[in-house]
Number of protein chains: 2
Amino acid sequence: MAKQNTVFKDAYNRCLKVLAETSSLPSEPELGQVLGVSRTTVRAILGRFEEAKLITWDKRKKIVLRQPRPDDYFPTEETDSLAEIIERSFMRRILAGGAEPGMQINELELAREIGTGTTSVREFLIRFSRFGLIEKRPNSHWILKGFTREFALELTEVREMFELRSAASFVALPDSHSAWQELSRIEALHHEILADIDNRYKEFSELDERFHLLVHKSSSNRFIVDFYDIISIVFHYHYQWNKTNARQRNARALEEHLAYIEALRSHDAKRAEEACRRHLRSARETLLQSIP
Amino acid sequence: MAKQNTVFKDAYNRCLKVLAETSSLPSEPELGQVLGVSRTTVRAILGRFEEAKLITWDKRKKIVLRQPRPDDYFPTEETDSLAEIIERSFMRRILAGGAEPGMQINELELAREIGTGTTSVREFLIRFSRFGLIEKRPNSHWILKGFTREFALELTEVREMFELRSAASFVALPDSHSAWQELSRIEALHHEILADIDNRYKEFSELDERFHLLVHKSSSNRFIVDFYDIISIVFHYHYQWNKTNARQRNARALEEHLAYIEALRSHDAKRAEEACRRHLRSARETLLQSIP
DNA sequence: AATCTGTCTATTGTGGATAAAAGACAAATA
DNA sequence: TATTTGTCTTTTATCCACAATAGACAGATT
């Protein structure tokens, strides 16, 4: 197999949803726009729709024949890109599994285990290396540096520098900037989740990322924004595998966010800095507590 | 060709220098240690030495027969790794050539031009993407973001944050730390070059990197140290292709370094910060002036 | 007893092949 | 005239093969 047609399958599934809401599909370029794929893929989808008797397709006429059924969808396992599969598989090994710092990482073995070619694994490791958790010995293996206390401290040190700088930029944004609207939406979501915290505390992780990314983006600095990828991936997997006191921790973080948001809104640099520091300090504690 | 034997050729050349200074070579593991290669490569080198009648080799006895001649060495073009070749070729295109921001980068075309396989180019681009100069459109081409004024400003903003933080760590290092000795060696080199500036100003680039890397390392933060790679590569190529007033610029930077070094030695955080700021400000100016 | 060598195996680096996906262009259509 | 479609070409993502290189282990040597 040269390439998995995951782009096709994922777009096919999303196109089924479009189909469910209309009686005839739009033009090929328009569909491509909506689905974020090329016309080649759109045409492949339409062809398959026709085979499945979901539509009739004659040039510009694409008439919906029936609603999609659950079994019309491709299973979600088949729509994940190879890169996502490798990432998940790898992160499980190093964050959840008992992976010792200093351990060797073997491209071939990893590839065999995941059931994929070495090239993909290799490219993943190269991309992943910028997160500072692994290191390459040229002409030889990779070394796992490990998700250690030092790693967490180094990560949060830079995070704090960057976020303080970003928060300072944020308060200086003109009122007309779209970030303020996004901030309001985020704030509203905080209130919603807090009002039903027992059931919805799991939504925090995603909201947390959305909020901090918004703050970082106001730095208008690609290095600061890109760095947030590292924080993001670490916290993402950290939340997934460390669920002790999740409800309580998340509730506290939500409250801190609200104070932080209010401080940003005040346009008062001093207040924003304080609120930011307070939140980052407790975020760091939370992260450190989860490391043995 | 599956793999260029550049490791062998480079180690061979370096081994010729070892051979020139002795009448019999040490054991295979020891040679491997010295050259930084595996025993397999050492044995390949010894075998070739024997063929070239440079030594006789019988188990532990490796007796030198004659001194190496210039034509015993492999030409330097053949000892560069593929990654180095691709990097140079690519940097020439984007920094020196008239590469417009927004331009598409085509893996296949780049590979053809450099005369190499696509895999190597692809891996290079992935590694290079962390420098923030290119960006990938999934399933499609890369986009050149360009060595623009914004890029330089974003780079220097982070650089200043990191270097100020590092300088603050530096002054707090205990006197017993090896960084102080390295600092002295670097300082001495500054004086040497300044004393003969007209002939030796070109050595500045390398010394500059050595000095700032030393400072960054005292942060003990992998993200700060790794970030210096970006600064390093940008300044490296910048120095190569922008030689207007090089002598004068370098002389000034050397003087600033000396003041900065003295301030670090004083263990006075305030003084170090001021000297650091002063130097970084002029480094930024220099970089900005070279961008249209 | 410790190190070195001979031999063998495993892994990495790199080019090449191929299906999936993107994209270009002219003819068709509204 | 502006889109849309049909057709065709190019590029990317991925697997595989193979030489270079690293590394393991037992027997030889000091």
Side-chain angles (χ1 to χ4, degrees), chain A residues 1-11 26-32 35-47 57-62 81-83 86 104-112 115-126 136-142, chain B residues 1-11 26-32 35-47 57-62 81-83 85-86 104-112 114-126 136-142:
Chain A
M1 291 155 284
K3 211 174 179 178
Q4 304 291 327
N5 55 349
T6 55
V7 171
F8 165 76
K9 287 178 178 171
D10 184 54
S27 76
E28 296 172 13
E30 197 181 327
L31 266 177
L35 299 171
V37 296
S38 73
R39 256 189 70 219
T40 307
T41 304
V42 169
R43 287 172 67 83
I45 292 171
L46 291 174
W57 179 26
D58 180 45
K59 303 190 174 170
R60 296 172 195 222
K61 296 195 197 339
K62 310 170 190 84
S81 81
L82 190 48
I86 296 177
Q104 294 183 9
I105 298 167
N106 186 310
E107 294 175 4
L108 200 57
E109 191 189 319
L110 209 55
R112 273 194 295 252
T116 177
T118 49
T119 314
S120 314
V121 168
R122 206 177 149 74
E123 289 181 3
F124 166 77
L125 291 172
I126 294 171
K136 175 120 190 84
R137 294 293 143 92
N139 287 308
S140 185
H141 50 256
W142 293 79
Chain B
M1 289 155 282
K3 210 175 181 178
Q4 304 293 328
N5 55 349
T6 55
V7 171
F8 165 75
K9 288 178 177 170
D10 183 54
S27 76
E28 296 171 13
E30 197 181 325
L31 266 176
L35 299 170
V37 295
S38 72
R39 256 189 71 218
T40 307
T41 303
V42 169
R43 286 171 68 82
I45 293 170
L46 292 173
W57 180 26
D58 181 45
K59 305 191 173 170
R60 297 175 192 219
K61 295 195 200 336
K62 309 169 190 84
S81 81
L82 190 48
I85 293 168
I86 296 177
Q104 294 183 8
I105 298 167
N106 186 308
E107 294 176 3
L108 200 57
E109 190 188 321
L110 208 55
R112 273 194 295 252
I114 303 177
T116 177
T118 48
T119 314
S120 314
V121 169
R122 205 176 151 74
E123 289 181 3
F124 166 77
L125 291 172
I126 294 171
K136 176 119 191 82
R137 293 294 142 92
N139 288 309
S140 184
H141 49 256
W142 293 80

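Lettering follows sequence order; numbering is per chain, from 1. Quick caveat, the model's predicted, so the values are computed rather than measured.
- Nucleic acid contact for A:Gln4: sugar-phosphate only, since backbone atoms but no base atoms lie under 4.0 Å from a heavy atom of the residue.
- Of the inter-residue distances, the one linking B:Leu125 atom CG with A:Glu123 atom CD reads 10.0 Å to the nearest 0.5 angstrom.
- Remark on DNA chain C: of its neighbouring residues B:Val121 and B:Arg43, the 5'-side contact belongs to B:Arg43, judged by nearest-heavy-atom nucleotide.
- Not a single donor-acceptor pair under 3.5 Å links the side chain of A:Asn5 to the backbone N or O of A:Phe8.
- Note: CG (A:Asp58) to P (D:dG6) measures 8 Å, nearest angstrom.
- Checking D:dT3, C:dG13, D:dA28 against every side-chain atom of A:Lys136, the shortest atom distance belongs to C:dG13.
- Summarising the geometry, the separation between CG on A:Leu35 and C1' on C:dA21 is reported as 14 Å, rounded to the nearest angstrom.
- For A:Asn106 and C:dT12, the shortest distance from a side-chain N or O to OP1 or OP2 is below 4.0 Å.
- Rounded to an integer number of Å, the gap from CZ of A:Arg137 to P of C:dG13 is 13 Å.
- With B:Trp142 as the fixed residue, the side chain to side chain contact (heavy atoms under 4.5 Å, CB included) test singles out one of B:Glu107, B:Arg137, B:Gln104, B:Arg122: B:Glu107.
- Spacing between atom CD1 of B:Ile45 and atom P of D:dT21 amounts to 9 Å, rounded to whole angstrom units.
- Taking only distance into account, the side chain of A:Thr119 meets the base of D:dC16 through a donor-acceptor pair shorter than 3.5 Å.
- Closest to the side chain of B:Val37, out of D:dT12, D:dA22, D:dG6, is D:dA22.
- A:Ser120 has a side-chain polar atom (N or O) that falls below the 4.0 Å cut-off from OP1 or OP2 of D:dC15.
- Looking at heavy atoms from C-beta onward, A:Pro29 lies in side-chain contact with A:Arg39 at the 4.5 angstrom threshold.
- DNA chain C is contacted by both B:Thr116 and B:Pro26; B:Pro26 maps to the nucleotide lying nearer its 5′ end (nearest heavy atom per residue).
- To the nearest 0.5 Å, atoms CD1 (B:Ile85) and OG1 (B:Thr116) are separated by 8.0 Å.
- Minimum interatomic distance between B:Val37 and B:Ala11 (heavy atoms only, all atoms of both residues): CG1-CB, 4.0 Å.
- Of the listed nucleotides (C:dT5, D:dA13, D:dA22), D:dA22 has the atom at the smallest distance from the side chain of A:Ser140.
- Residue B:Ala2 places its side chain closer to C:dG13 than to any other of C:dG13, D:dA22, C:dG23.
- Among the heavy atoms of the strands, none lies under 4.0 Å from A:Thr118.
- Protein atom NE2 of B:His141 is 12 Å distant from nucleotide atom P of D:dT11, rounded to whole Å.
- Within 4.0 Å (heavy atoms only), A:Lys61 reaches no atom of the nucleic acid at all.
- For the pair B:Leu108 CG and C:dA21 C1', the interatomic distance rounds to 15 Å; values are reported in whole Å.
- One atom, NZ of A:Lys9, and another, P of C:dA21, lie 9 Å apart when rounded to the nearest Å.
- Nucleic acid contact for A:Lys62: sugar-phosphate only, since backbone atoms but no base atoms lie under 4.0 Å from a heavy atom of the residue.
- Position along DNA chain D of the nearest nucleotide to B:Arg112 versus B:Phe8 favours B:Arg112 as the more 5'-ward residue.
- The CG-C1' distance, from B:Leu31 to C:dC4, rounds to 12 Å in whole Å.
- Here the straight-line distance linking atom CD of A:Glu28 with atom OG of A:Ser38 works out to 10.5 Å at 0.5 Å rounding.
- In this structure, the nucleotide among C:dT5, D:dT14, C:dG13 sitting nearest to the side chain of B:Lys59 is C:dT5.
- A donor and an acceptor atom never sit less than 3.5 Å apart when one is taken from the side chain of B:Lys3 and the other from the base of D:dT21.
- Nucleic acid contact for B:Ser81: none, since no nucleic acid atom lies under 4.0 Å from a heavy atom of the residue.
- No hydrogens or angles were tested; on distance alone, nothing pairs the side chain of B:Ser38 with the base of D:dG23 as donor and acceptor under 3.5 Å.
- Between B:Arg122 and D:dT12, a side-chain N or O to OP1/OP2 separation shorter than 4.0 Å is absent.
- For the pair A:Leu82 and A:Thr40, both in contact range of DNA chain D, the more 5′-proximal nearest nucleotide belongs to A:Thr40.
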